[in-house]
Number of protein chains: 2
Amino acid sequence: MTDGPEAATPSTHLLRRLNADRVLGEVWDGEPVTASGLMAATGLSRSTVLALCRELTERGWLVELDDARAAGSYTKGRPALRYAFRPDAALVVGVDAGQHRVSAAVADLHGRVLAEEAVHLDPASDAGARRDAVRGAVDAAVARTGRSGADVAAAVVGVPAPVEAAGVPSGERNPFWARMNPGLGDLLADRGWDAVVENDANLAAVAEAEHGGGAAAYAALLVGERFGAGVVLDGALRRGPRGAIGEMRILDLVEGVGSSDGLGALARDEARRALARGDGEPSTLARVPAARLDAAHVLAAADDGDPLALRVRERLADRLSRVCAVLAGLLDLDRVIVTGAMAPALGAVVERARALLPGHLHDPAVEIVVSDLGPEVVRAGAVRMAVDHVRSHALDRDLAGVGPVGA
Amino acid sequence: MTDGPEAATPSTHLLRRLNADRVLGEVWDGEPVTASGLMAATGLSRSTVLALCRELTERGWLVELDDARAAGSYTKGRPALRYAFRPDAALVVGVDAGQHRVSAAVADLHGRVLAEEAVHLDPASDAGARRDAVRGAVDAAVARTGRSGADVAAAVVGVPAPVEAAGVPSGERNPFWARMNPGLGDLLADRGWDAVVENDANLAAVAEAEHGGGAAAYAALLVGERFGAGVVLDGALRRGPRGAIGEMRILDLVEGVGSSDGLGALARDEARRALARGDGEPSTLARVPAARLDAAHVLAAADDGDPLALRVRERLADRLSRVCAVLAGLLDLDRVIVTGAMAPALGAVVERARALLPGHLHDPAVEIVVSDLGPEVVRAGAVRMAVDHVRSHALDRDLAGVGPVGA
DNA sequence: AGCATTAGATTTACGTGCTAGATTTTTGTC
DNA sequence: GACAAAAATCTAGCACGTAAATCTAATGCT
């Protein structure tokens with residue numbers, strides 16, 4: 001990349017690259033390391049490790065800390081050089097481009113959010129307005145870090161639509177999808193960043209990766225207006241050729257479900273309908289204007305013991321348990337993580353759904369849990385994926401001179 | 001392995017191994033190659049290629065052909081040494097241990113079946129009888145090749161039950177499953193072979209790998225007594241933590257399906273019930289004794305235009321289309337391959353199911369096709385998987401002296 | 001202060017794998 | 001028989017890695 005001998009002996013360089021990658025992986029998320037530590041971790045010899053560290057330092061990925069035995073792990077003898085990963089060597093951008101809200105974050109290479117910006121957006125906005133919103137939010141967030149856009153290495157945008165393998169929008173299939181992803185990838189790639197557009201549920205799944213524990217098979221289930229799942233099998237996100245794995249239109253065919261409407265939509269509609277019917281049963285929900293009644297009201301009322309709300313909640317639990325049963329039954333999942341903006345309010349619903357599960361699955365090995373990542377799951381997943389992208393392409397890139405030099 | 005310098009420099013040996021593996025992969029399924037051909041294919045230098053070929057020849061994987069320019073591709077110059085893969089350097093065993101039939105095949109490393117043996121078996125047989133049947137079929141098939149069991153490198157057995165990741169039977173969950181896999185893995189491992197037990201539908205999916213064309217996402221659907229699918233996503237078979245991906249118990253919850261009964265069971269039961277009701281409608285099927293009436297009769301009668309059989313066939317198509325819709329809708333499949341013993345008779349059913357599909361899927365990108373691999377799909381998949389196993393562990397093994405030396 | 005101790009850093013020698021280019025062998029053609 | 005072509009072989013030489021001896025910095029003990 002700089003001026004090293006270019007591919008004189010391709011095969012042997014491969015080996016070097018493999019080892020460099022291992023070392024980088026070792027430091028990326030961890031504490032500063034000494035050469036001896038790396039020797040133990042990688043099985044390489046001291047000379048090799050030192051050479052690799054020198055190279056990675058020159059390339060801008062590591063800094064040499066000279067604070068000697070500051071780590072305090074030992075007292076005698078010569079203090080070791082310590083190499084530390086530079087999480088601020090580059091920036092990443094993560095965006096949740098939702099239907100009525102765009103939220104952007106700029107993070108360092110540890111995924112720590114340094115700045116954020118959110119803007120509201122009319123769900124009916126046209127392509128141009130949507131692009132402007134994304135551009136605006138991203139630029140504002142980057143500006144707020146006090147660093148240059150040139151320091152950004154990669155950006156990931158989540159959209160509420162399937163995204164085909166190569167990041168190509170599947171717009172021809174569905175005009176709604178096209179509107180949700182009006183060339184957002186190119187928009188960011190024009191900045192000179194590596195840009196990826198990804199489905200929102202898939203990003204939620206990425207965000208839940210740690211939370212998913214050691215689970216090699218799980219789904220992140222977005223439950224708001226429509227159901228949508230991001231599916232991880234054998235430890236990796238599965239998209240499908242059309243990006244449609246976890247698309248839940250098929251719920252139309254499932255008994256007791258009948259549509260892909262999410263729990264938010266269902267709660268609202270059921271409650272409104274029951275109130276409109278006026279079964280005579282008194283409900284505190286009757287005091288809320290029908291047009292403003294939403295899932296949050298219903299769930300709160302249920303917590304207060306309101307009978308109508310309790311009936312609706314039971315319906316939600318039933319539907320959720322069936323959706324989880326279909327997902328887990330076919331995909332042999334260890335876990336379904338209920339996530340999205342309304343997830344925190346769904347404790348009781350999930351608990352009840354868990355209880356209903358054995359009625360639908362012969363051998364329910366799946367565990368339904370509520371995400372604790374809060375409303376910015378998708379954005380967090382976008383940041384995470386951007387970091388992973390940089391990580392996996394790290395050795396193709398030279399950072400020397402980019403960003404602040406200090407640790 | 002033989003007596004080379006043991007791991008003097010592990011890292012550099014890794015490189016050698018990588019290249020050897022590439023060369024082996026190049027020859028495995030192809031024509032004999034010259035050094036020049038390999039140079040072009042691998043990008044390695046002549047010296048390296050020749051050294052690798054020499055090594056692989058010593059190890060028993062390749063033979064040096066000296067029939068000069070027999071290939072006729074060129075006429076001038078010194079004739080190249082040609083190296084050919086030795087498909088008979090080792091044997092593999094593939095077994096379909098079905099409910100009422102055990103079928104074993106012995107094949108070479110190209111997957112060409114050299115000998116086979118099938119035995120019938122009472123579906124109610126206990127563990128011992130089932131083990132004996134497998135042992136008997138395998139030994140007979142091996143004997144028929146005229147070669148020793150020591151030449152067998154790997155064996156794969158398909159069973160009609162989920163198999164957990166490590167080949168562990170999931171017997172505690174279900175006594176039927178335990179009976180279907182009474183320690184068959186150990187049985188074959190005791191012969192000194194690498195033994196793998198795998199679900200039958202998964203093996204069908206492996207067998208359909210070529211037939212699945214370039215499809216990176218497809219399912220092989222067994223449709224006989226019960227539905228069961230082997231699922232390939234991102235080019236690899238997906239099993240799930242409990243080996244239950246593609247288990248179709250969940251069909252209980254699908255509208256218009258209601259059970260995981262396969263098309264064979266459905267055809268039989270529907271026809272019998274209709275005849276018993278005696279709707280008055282004359283049907284040629286009435287001439288078949290009820291206890292012997294099965295799917296084959298029904299499908300044949302439908303082809304002859306029998307109205308009752310046609311009604312049943314329509315039901316089969318409807319059910320099949322729904323099952324495919326669920327699979328493809330959730331998994332974003334390119335293709336569902338209908339397979340199993342009765343597949344060849346299902347042309348009309350599949351055609352009709354294709355037509356019904358748009359009624360269930362908004363955007364049916366999936367293609368339903370009938371397998372043309374015949375009744376031994378599972379066994380073929382077992383052979384295929386065994387070959388792949390040997391291929392991927394090839395460099396751990398020394399074949400020198402094993403098997404016939406000639407090509 | 002001097003000295004052994006400890007552990008990291010450096011140097012040197014060497015093995016292995018690969019490449020590149022010159023050389024030789026084997027064939028066919030004129 | 002000279003020449004051209006294709007392939008194998010030989011010879012350097014380089015890159016990467018290991019191993020072991022040597023060097024160097026910090027510490028505790030006397």
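Letters A, B, ... mirror the listed sequences (proteins, then strands); counts begin at 1.
Between B:Y83 atom OH and D:dA7 atom P there is a gap of 13 Å when expressed in whole angstrom units. Summarising the geometry, the separation between CZ on A:R22 and P on D:dC16 is reported as 17 Å, rounded to the nearest angstrom. If you take CG of B:L14 and C1' of D:dT18, they are 15 Å apart, rounded to a whole angstrom. Rounded to an integer number of Å, the gap from CE of A:M39 to P of C:dT10 is 14 Å. Taking atom CZ of residue A:R17 and atom P of nucleotide D:dA15, one finds them 19 Å apart after rounding to whole Å. Spacing between atom CG of A:L38 and atom C1' of C:dG8 amounts to 13 Å, rounded to whole angstrom units.
Which of D:dC16, D:dA8, C:dT16 sits closest to the side chain of A:H13 comes down to D:dC16. When the nucleotides D:dG17, C:dG8, D:dA8 are ranked by their closest atom to the side chain of A:S36, C:dG8 comes out on top. Distances from the side chain of B:P79 to the nucleotides C:dG17, D:dA7, C:dT27 place C:dT27 closest. If you check D:dG17, C:dC18, D:dA8 against the side chain of A:L15, the one that comes closest is D:dG17.
Proximity of a side-chain donor or acceptor of A:Y218 to a complementary backbone N or O of A:L233 within less than 3.5 Å is not detected. The main-chain N or O of B:V232 is never found under 3.5 Å from a side-chain atom of B:R238 such that the two would form a donor-acceptor pair. Side-chain atoms of A:R22 come within 3.5 Å of backbone N or O of A:T42 as a donor-acceptor pair. Without hydrogens or angle criteria, A:W28 side chain to A:H110 main chain gives no donor-acceptor distance under 3.5 Å. In this structure, A:R82 contributes its side chain and A:E64 its backbone to no donor-acceptor pair below 3.5 Å. A donor-acceptor pair under 3.5 Å is formed between the side chain of B:R59 and the backbone N or O of B:R397.
Atoms CZ and CG, on B:R54 and B:L62 in that order, are 12.5 Å from each other to the nearest 0.5 Å. The CG atom of A:L50 sits 9.0 Å away from the CG atom of A:L38 when rounded to the nearest 0.5 Å.
A salt bridge does not link A:D108 with A:R147: every distance from a Lys NZ or Arg NE/NH1/NH2 to an Asp or Glu carboxylate oxygen is 4.0 Å or more. A salt bridge is defined here as a Lys NZ or Arg NE, NH1 or NH2 lying under 4.0 Å from an Asp or Glu carboxylate O, and B:R16 with B:D21 fails to meet this definition. Ion pair B:E55/B:R17 not flagged as a salt bridge, since none of the NZ, NE, NH1 or NH2 atoms sits closer than 4.0 Å to an Asp/Glu carboxylate oxygen.
For A:R16, no side-chain nitrogen or oxygen approaches OP1 or OP2 of D:dA15 to under 4.0 Å. Residue A:N19 has a polar side-chain atom (N or O) positioned under 4.0 Å from OP1 or OP2 of D:dG17.
Defined by atom type and a distance below 3.5 Å, a donor-acceptor pair is present between the side-chain atoms of B:H389 and B:D194.
Defining each end axis of the helix from C:dA1-D:dT30 to C:dC30-D:dG1 as the rotation carrying four pairs' C1' atoms onto the next four, with five pairs an end, the two axes are found to diverge by 20° to 10 degrees.
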Contact list (N/O, under 3.5 angstrom) for nucleotides 22-25 of chain C vs protein:
{"from": "C:dT25", "atom 1": "O2", "to": "B:R78", "atom 2": "NH1", "distance (Å)": "3.2"}

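Of the residues in residues 45-57 of chain A, those lying under 4.0 Å from DNA chain D by heavy-atom distance are A:S45, A:S47, A:T48.
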